[in-house]
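Given the structure is predicted, the values throughout are model-derived calculations rather than measurements.
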Amino acid sequence: MVAEALGRDPFERMVEERCRSGDLRGALEATLKHFGPEVNGFLARASGDETLAAEAFSQLCEDICYGLAGFEWASSLRTWVYVLARNALCRVRKREGRARRDLPLSLAEISSIEAHVRTATLPFLRTETRSAMDRLRDELDPADRELLILRVDRDLPWDEVARVTLGRMDADELTIKRESARLRQRFQSLKKALRQRARDEGLL
């Protein structure tokens, strides 16, 4: 099984088993509640705007509902959720709309899960150390801020960071390799720039 070959963690194996057994509702609720606080925190930090992050998270919940049944488990579920989250944020920023389709969960059920996740996100965000260095990071370009959050705060492997920034799960290996190399180079430049700004402000 692909999931076992990739060494997917127990939670992801559980969600996959629910999907394959036809328990889509259970798989959806588990996915939203498990990854919700973490990804909502990412959206809050990446957007720097509470209203924008809330809109993006609502969009993300719908996108997970639409897409989970067709997820092929060719990569980690966590990576896929981050790809959807970043794409949702981009769409909300551009105010791109789309026709509403029938959801596997009702809007009331999604709203209930959203409320649960937002409550759970508050302590999640508080555990992320806020400091003067965080302030410097928050002043970065959104794309650079996303890169630091994904690589440093979320500890995603470079190939997964590349998939998220590309916004695609179907990118070929060469494309992922090139994007990973570009991101690594950008990451090194960002670290140097942040260190210099920290020195200039007497933080180092």
Side-chain angles (χ1 to χ4, degrees), residues 11-12 15 24-71 76-131 133-156 160-161 163-169:
F11 173 78
E12 297 205 2
V15 174
L24 183 59
R25 180 181 296 272
L28 285 169
E29 291 185 0
T31 299
L32 290 172
K33 290 181 178 179
H34 184 79
F35 292 115
E38 172 184 344
V39 178
N40 197 31
F42 161 72
L43 290 170
R45 294 290 300 278
S47 68
D49 184 304
E50 184 176 340
T51 300
L52 196 64
E55 291 179 12
F57 186 73
S58 293
Q59 181 65 65
L60 169 64
C61 288
E62 291 190 19
D63 292 344
I64 292 174
C65 286
Y66 288 138
L68 187 57
F71 184 53
S76 80
L77 182 63
R78 185 179 186 227
T79 300
W80 178 68
V81 170
Y82 269 100
V83 169
L84 292 184
R86 187 176 185 276
N87 288 346
L89 181 57
C90 289
R91 292 211 306 280
V92 168
R93 279 173 173 154
K94 295 177 181 177
R95 297 296 188 266
E96 292 179 352
R98 59 172 169 72
R100 182 175 295 280
R101 294 172 285 171
D102 291 336
L103 292 168
L105 296 178
S106 70
L107 292 178
E109 288 173 310
I110 293 176
S111 295
S112 175
I113 293 173
E114 284 183 40
H116 167 83
V117 168
R118 289 197 182 98
T119 300
T121 303
L122 294 176
F124 188 91
L125 286 172
R126 282 198 294 268
T127 61
E128 297 182 341
T129 304
R130 302 297 297 163
S131 66
M133 285 297 292
D134 288 314
R135 176 180 56 77
L136 294 182
R137 287 182 13 165
D138 289 344
E139 294 171 359
L140 294 172
D141 174 89
D144 291 338
R145 195 161 61 235
E146 287 178 4
L147 174 57
L148 288 176
I149 295 169
L150 293 170
R151 180 57 184 169
V152 178
D153 298 344
R154 300 301 184 258
D155 196 30
L156 290 182
E160 295 188 14
V161 176
R163 289 183 189 277
V164 174
T165 58
L166 288 168
R168 297 170 51 196
M169 295 299 293

Enter the distance from Glu55:CD to Gln59:CD here, rounded to the nearest 0.5 Å.
10.0 Å
Residues forming a salt bridge (Lys or Arg N to Asp or Glu O under 4.0 Å) with Arg78, sequence neighbours excluded
Glu38
Is the backbone of Leu84 close enough, under 3.5 Å, to the side chain of Asp63 for a donor and an acceptor to pair up by distance?
no
Using a 3.5 Å distance criterion without hydrogens, assess whether the side chain of Arg163 forms a donor-acceptor pair with backbone atoms of Val83.
no
Who passes side-chain hydrogen bond (donor to acceptor under 3.5 Å, both in side chains) against Arg86, sequence neighbours left out?
Glu146
Quick one: side-chain hydrogen bond (donor to acceptor under 3.5 Å, both in side chains) partners of Thr79, sequence neighbours excluded?
Ser76, Glu160
side-chain contact (heavy atoms from CB on, under 4.5 Å) between Leu68 and Trp80, intermediate numbers included
CA-CA 10 Å; Leu68 187 57; Trp80 178 68; 3.9 Å; yes
The side-chain contact (heavy atoms from CB on, under 4.5 Å) partners of Ala56 (sequence neighbours excluded) come to Leu43, Leu89, Val92
Please identify each residue that fulfils side-chain contact (heavy atoms from CB on, under 4.5 Å) with Asp144, with sequence neighbours left out.
Leu140, Asp141, Arg186, Leu190
Applying side-chain contact (heavy atoms from CB on, under 4.5 Å), can you list everything that pairs with Asp155, at least two apart in sequence or on another chain?
none
Taking only Lys NZ, Arg NE, NH1 and NH2, and the carboxylate oxygens of Asp or Glu, determine whether Asp49 and Arg93 approach each other closer than 4.0 Å.
no
Using the six-membered ring wherever Trp is involved, compare the ring planes of His34 and Phe11 and label them parallel, tilted or perpendicular (cut-offs 30° and 60°).
parallel
Do the side chains of Leu148 and Asp153 get nearer than 4.5 Å, heavy atoms only?
no
Scanning both residues in full, the closest heavy-atom pair of Asn40 with Ala53 reads OD1-O, 4.4 Å
Side chains of Glu62 and Cys65, heavy atoms from C-beta outward: is any pair under 4.5 Å?
no
Rounded to the nearest 0.5 angstrom, the CD1-CZ distance for Ile149 and Arg45 is 5.5 Å
Give a yes or no on whether the ring-centroid distance for Phe57 and Phe42 is below 6.0 angstrom.
no
